[in-house]
Every structure is written in C-alpha cells, then in structure tokens.
Asks: 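Before I ask anything, let me first share the structure, which is written out below as structure tokens.
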Amino acid sequence: VGEVIGSECSDNVQFATASSAPSALSDTFMWEDMTNYVGQREQFVDNCGPQNEAQNETHCAKVFKMFFDDELVELIVRETNTYAAQKIQARSFIPLRSRMRDWKPVTNKDEMYVVLALFMLMGIIQKPTLRSYFSKNCILATPIFGSIISMDRFESICNFMHFNNNDNIGTYQGPSKLFKIYPVLSHLNTKFQSLYLPGQNIAIDESLTLWRGRLSFRQYIPLKSSKFGIKSYELCESSSGYLWSFIIYTGKDTVFQTAFVSGDTNKTATIVLSLVEPLLKKGRTLWMDNFYNSPALAQRLKSLKTDCVGTLRLSRKNVPQKVKDKKLKKGELVAQHSGPVSVLKWKDKKEVTMISTYHGEETKMKLTKCRQEKQKPVSVLDYNENMGGVDRKDQLLQPYLLERKKMTKWYIKLFRRLLNIAVLNCMVICCANSGQTKIDHFKFRVELVQALLIEHASGSVRKFQGHHSTDKNVP
C-alpha cells in the first residue's frame, strides 16, 4: 500500500447545497491510545444488485437498451440531424466531392443502434484508422462493416454526431463547459443508479479519459496511465467495477450537488458526499485513497451510518500528533482513536498511514509474493482487497477501448468512453441475474454486438451511396 498523490481541487470549486443542510460536526478530536477501542462495523441493511426493470433480465441487448434506451437514441438521432443541417446551411460553398452533398438525415433509431454496435465492434477489432475497417484487402478485410453500412455513410454520421442543439445554449442551465454532452451525462448517471445498487463495499477514485488536444479543463495526473485527459470522480462497486455515479471535473466552476455540505466543508469531502449521498445511512463501507480522506470526513460519514477506510495524509487537519511524530522501525505500528475514528501508521518499506471507522490495530499474517510470511495490519489487507473498484473498471475496459486515439472532438471521445462503460455495466447486471460468478468478457461483447445487429440491421438500414459489399445480411 502506498500513498497516492493526485492533483488537488481548486479552492474555488462551487457547491450547490440545500437550504436545510445539516450542520457540520464539531472538529474537536480527543485522541487516545487503542487500549479500550472496540471497532463496530455498520450493519448493511440495503438491497443490492439489479433493480427495477433490470431485475431477472439476462439478455445482453435488452439490458444494454435500458441504458441506451429509445429516449436517448432518438435524442442523438434528432440532434445529429439538426447539427448536420446547421453545418450544411452555414457553408456558402460545398465542394463537388464533399460528403455533405450526399448527406441524408438519419431517419430512425435503428440506424443509430447499428452505428453504436459498430463502435463496440471497433473496440473488439482494433485497427489504426476508421477506413481500414472497410478495406477490401484480403489481409485486412472485415466484411461485416461494408455489408451493413457504407464507409461514406458511417463517416458522415460520425462527423455529424451531436447531443445538444447549439441554438439552445442561451437557455441551457447545466455546467457551461459540458454543454455539448450534458444530456448524455445526465441520462446515463440516472440510469446507472436506477438499474443497479452496489453491495456493501464501494470505492471512490479518479479516472482519466485520454485527451491530449486543447481543452480548458484538461487535467494532468502523472500517476495515471493516460496522464493527460478529462478527469472524472467515480464511485464504483469494489467487487465488480460497476460504475454507479460520476462527476466530470471541469475546473474551478465544477458544481457538486449535495445536501450534506456546510460552508466550512473540505473540498474533497464535498466530492465524496456528492457521489455517495443516495447510498448513505445504509451501512455501506466507503474505500478511498489519501486524496479524499480526513478525520472530519470519516467522523461525518460514521454519523451517517457509513463506514470509511483508506490511506491518509499526515498533513490533514486533526491527525493525532503522536501518530505524526512517532518514528517507526520496519514492522512497527502506532495507532490512536477518537471515538470510532482510528488512525494507524505502519512501516513496511515505507510508512503508510490508515484511517478507519471500525478497524483497530489488529494484525494478520499474510503470505507475500515470495511466499514469505509477513505480519500486516488488518486495515491494510482489507484496503488492498476492496479499494480497486475504479481501477478494476478501467482494467476491464482497457482491452476494448472504443475511443480511438486520434479524435478532433473531445465530447465524442467522452461519449464513446461512456458507451464502453455502459457495456461493462450491462455485463455486471447480466452476470448478477444469471447467477454466475464470472462471464467471459470477450464472448459477452461479441454476443451483444451480434444481438444489436440482428435486431436493428436486418433490412432496416437504408442503402446509401458508397462502398458496400454485395452481401447485405448480418451473419
């Protein structure tokens, strides 16, 4: 376990709080030794697993279309057609060979579902360029693409894909920097939460969607593999990686909606409370790294019947002085508590500080990678087991990235990332409903693409001019 260092939030982050927000707890901490400490984990009293219409549904395409339902897909169709008309009308001259001359509106949601399915297929079959998917070279050929839609038509829909009418920016009330994609963000955040409830263990962490182009809210996080990109704060189920809620960070004007915040609440605590608010008072355990944790936040969460465990920065306010100052030899630890909140510092190769609302200073024997026995604090072992919800999600997505590296529009790249996450969440729901402990990820994605194409491509996609093969049927 090592201390994770991330970029700090701006001090100017905005908060939207309810007028009846509960007052913050006292910042007074009376730290004492662990002699009489009795840790009590909150009892988990909530439902978990698939909810509402997602219950008992195991068909991959039906579950996927609960996230990308007719309402969302029809919105994409409508805004794509509107944007195409605006772009064409704004051009005083259209070159003779331009695809704009051949543009025909998307007439139904079937064609858009086909485009989404082909995006998924592009994540399974990795090629360097979009046009290479329509190549007739016998070495490179993937005939399924050309048999369903022409290359020109596919490129045109990709170029004109849009999610919000530019003419409505004057009446738009959401985050200004997310105008282009806000309807999709709002819809999917709601669907992710309504169709599934995570189990007792949940984790909050940052995720980064790679973007190296110019963007006012692009972030640099050196410890992430992407390093540059669009940062999001995410809450995931620890065991499955199901993304339950997320907030896109747009800089100092990011608004966090929560009723559990007062004027003196720490900025990172506000992020946590915004993400976890609907899950409070149910006995869940929240696992976080040292970017978010503080004694005040742990005390606040415990008062809301939610446990909190994670690494802690010694520079945080209210950390016990004895734990800060104690010099340790390898294998030694020191711990103190104030009420249910305990802070423990342990030295392995380097010092690691943990905070918990139910762990004491107990240790447990653990086999290392070299098959050697080592005594470790139970809080460290539990943290290593449960913290990786967001990282697990990112690892599962990595082999099937839908967002190609070279894109000129940041919101299209973010949309494809969210589409990929919806596929993963769909798999988690199908796995839970089927009673299986694990589903073959590759096989699931292939079956989902095939099911969508069979339902929406057979005889529903119009025959547009462009590069087609002779076979129009979905295999």
Side-chain angles (χ1 to χ4, degrees), residues 1 3 22-46 48 198-204 238-239 260 266 269 272-273 276 279-290 292-314 316-326 328-329 331-348 351-366 373-387:
V1 177
E3 296 197 352
S23 59
L25 294 181
S26 169
D27 280 343
T28 303
F29 288 85
M30 303 295 292
W31 297 103
E32 53 186 295
D33 291 336
M34 303 293 288
T35 309
N36 298 319
Y37 180 78
V38 179
Q40 184 66 45
R41 191 175 188 181
E42 297 291 339
Q43 183 178 358
F44 182 53
V45 295
D46 200 9
C48 61
Q200 185 173 17
N201 294 304
I202 53 178
I204 288 179
S238 295
S239 59
F260 291 97
N266 180 276
V272 172
L273 292 169
V276 79
L279 300 177
L280 294 172
K281 301 181 181 180
K282 301 294 185 180
R284 285 184 170 83
T285 302
L286 183 57
W287 304 82
M288 302 178 290
D289 64 24
N290 58 19
Y292 305 94
N293 276 317
S294 67
L297 176 60
Q299 184 187 65
R300 186 82 181 107
L301 289 170
K302 190 66 173 178
S303 73
L304 296 168
K305 298 189 181 302
T306 302
D307 282 305
C308 166
V309 187
T311 53
L312 178 69
R313 294 179 184 176
L314 290 175
R316 293 292 189 198
K317 188 178 178 182
N318 298 316
V319 174
Q321 199 63 41
K322 179 180 177 181
V323 175
K324 274 187 181 181
D325 298 340
K326 181 73 172 179
L328 301 174
K329 296 179 182 179
E332 292 183 339
L333 62 82
V334 59
Q336 285 194 302
H337 78 96
S338 176
V341 180
S342 66
V343 175
L344 175 147
K345 184 167 74 173
W346 170 65
K347 186 166 185 179
D348 187 23
E351 290 183 347
V352 177
T353 307
M354 302 293 297
I355 186 169
S356 175
T357 55
Y358 70 91
H359 286 96
E361 56 183 349
E362 303 86 5
T363 60
K364 186 177 178 181
M365 198 67 71
K366 180 74 174 178
E373 290 187 341
K374 180 179 285 188
Q375 203 80 15
K376 291 187 178 183
V378 174
S379 59
V380 172
L381 296 174
D382 289 347
Y383 175 81
N384 287 340
E385 183 179 347
N386 294 290
M387 176 54 202

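What you see is a predicted model; the values in this text were computed from it and never measured.
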Asks: Mind checking side chain to side chain contact (heavy atoms under 4.5 Å, CB included) for Glu32 and listing every partner two or more places apart, or none if nothing turns up?
Replies: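 His337.
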Asks: As a quick check of understanding, evaluate side-chain contact (heavy atoms from CB on, under 4.5 Å) for Met354 and Thr311, giving each step before the final call.
Replies: CA-CA 4 Å; Met354 302 293 297; Thr311 53; 3.8 Å; yes
Asks: Under the rule for salt bridge (Lys or Arg N to Asp or Glu O under 4.0 Å), what residues qualify as partners of Lys366, not counting sequence neighbours?
Replies: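 Residues passing salt bridge (Lys or Arg N to Asp or Glu O under 4.0 Å) with Lys366: none at all.
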Asks: Give, for atom CG of Leu333 and atom CG of Leu328, the distance between the pair rounded to the nearest 0.5 Å.
Replies: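 One finds 7.5 Å between CG of Leu333 and CG of Leu328.
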Asks: Just to verify, what does Ser379 make a side-chain hydrogen bond (donor to acceptor under 3.5 Å, both in side chains) with, not counting sequence neighbours?
Replies: none
Asks: When rounded to the nearest 0.5 angstrom, what is the spacing between OG1 in Thr353 and CG in Asn290?
Replies: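 Output value for this atom pair is 9.0 Å.
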Asks: What residues form a side chain to side chain contact (heavy atoms under 4.5 Å, CB included) with Ser238, not counting sequence neighbours?
Replies: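 Expected list: Asn201, Ala203, Trp287, Asn386.
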Asks: Can you confirm whether Lys324 is buried at NZ, in the sense that more than 12 heavy atoms of other residues, nucleotides or ligands lie under 6.0 Å from that atom?
Replies: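 Correct, the count exceeds 12.
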Asks: I want to check something: taking the side chain as every heavy atom from C-beta on, are Asp348 and Lys374 in contact at a cut-off of under 4.5 Å?
Replies: yes
Asks: With Lys347, which residues qualify under salt bridge (Lys or Arg N to Asp or Glu O under 4.0 Å), at least two apart?
Replies: none
Asks: Mind checking side-chain hydrogen bond (donor to acceptor under 3.5 Å, both in side chains) for Asp325 and listing every partner two or more places apart, or none if nothing turns up?
Replies: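 Checked Asp325 against side-chain hydrogen bond (donor to acceptor under 3.5 Å, both in side chains); matches are Gln321.
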Asks: With sequence neighbours left out, write down each residue that passes side chain to side chain contact (heavy atoms under 4.5 Å, CB included) with Glu373, or none if nothing qualifies.
Replies: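 Applying side chain to side chain contact (heavy atoms under 4.5 Å, CB included) to Glu373 gives Met365, Leu367.
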Asks: Can you tell if the side chain of Pro295 reaches within under 4.5 Å of the side chain of Ile355, non-hydrogen atoms only?
Replies: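 Yes. Closest side-chain heavy atoms under 4.5 Å.
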Asks: Working to the nearest 0.5 Å, report the span between CG of Leu280 and OG of Ser303.
Replies: 9.0 Å
Asks: Main chain of Val323, side chain of Lys345: is a donor-acceptor contact present, judged purely on distance under 3.5 Å?
Replies: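 Pair found, side chain donor or acceptor close to backbone of Val323.
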Asks: Using the side-chain contact (heavy atoms from CB on, under 4.5 Å) rule, take Glu361 and Tyr37 through it: C-alpha gap first, then chi angles, then the decisive distance, then the call.
Replies: CA-CA 9 Å; Glu361 56 183 349; Tyr37 180 78; over 6 Å; no
Asks: Does some side-chain heavy atom of Val272 sit less than 4.5 Å from a side-chain heavy atom of Leu297?
Replies: yes
Asks: Between OG1 of Thr306 and CG of Leu279, what distance do you get to the nearest 0.5 Å?
Replies: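 Those atoms lie 8.0 Å apart.
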Asks: If you take all heavy atoms of Tyr358 and Thr285, which pair is closest and at what distance?
Replies: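 Here Tyr358 and Thr285 meet closest at CE2-CG2, 4.1 Å.
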Asks: Is there side-chain contact between Val319 and Trp31, with at least one heavy-atom pair below 4.5 Å?
Replies: no
Asks: Rounded to the nearest 0.5 Å, what separation is found between the NZ atom of Lys305 and the CZ atom of Phe44?
Replies: 15.0 Å
Asks: Determine whether Asp33 and Lys322 satisfy the following criterion, salt bridge (Lys or Arg N to Asp or Glu O under 4.0 Å), listing intermediate values before the conclusion.
Replies: CA-CA 10 Å; Asp33 291 336; Lys322 179 180 177 181; 2.9 Å; yes
Asks: For the atom pair CE (Met30) and CD (Gln336), what is the distance rounded to the nearest 0.5 Å?
Replies: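 Answer rounded to 0.5 Å: 11.0 Å.
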Asks: Sequence neighbours left out, what passes side chain to side chain contact (heavy atoms under 4.5 Å, CB included) with Glu362? Give chain and number order.
Replies: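 Per chain and number, Glu362 pairs via side chain to side chain contact (heavy atoms under 4.5 Å, CB included) with Val378.
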Asks: Taking the side chain as everything from C-beta on, heavy atoms only, tell me whether Asn293 gets closer than 4.5 Å to Cys308.
Replies: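 SC-SC contact between Asn293 and Cys308 confirmed.
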Asks: Would Asp382 and Val309 count as a side-chain contact (heavy atoms from CB on, under 4.5 Å) here? Give the steps.
Replies: CA-CA 9 Å; Asp382 289 347; Val309 187; 5.8 Å; no
Asks: So which pairs with a foot in residues 36-46 pass salt bridge (Lys or Arg N to Asp or Glu O under 4.0 Å), sequence neighbours left out?
Replies: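 For residues 36-46, and leaving out neighbouring residues, the salt bridge (Lys or Arg N to Asp or Glu O under 4.0 Å) pairs sorted by first residue read Glu42-Lys302, Asp46-Arg284.
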Asks: Considering non-hydrogen atoms only, spot the tightest contact between Leu312 and Ser294 and give its length.
Replies: CD1-CA, 3.9 Å
Asks: Among Val276, Leu301, Ile202, find the one that has a side-chain contact (heavy atoms from CB on, under 4.5 Å) with Met288.
Replies: Leu301
Asks: Under the side-chain hydrogen bond (donor to acceptor under 3.5 Å, both in side chains) rule, collect the residues that match up with Gln375, sequence neighbours excluded.
Replies: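 For Gln375 the side-chain hydrogen bond (donor to acceptor under 3.5 Å, both in side chains) partners, ignoring immediate neighbours, are Thr363.
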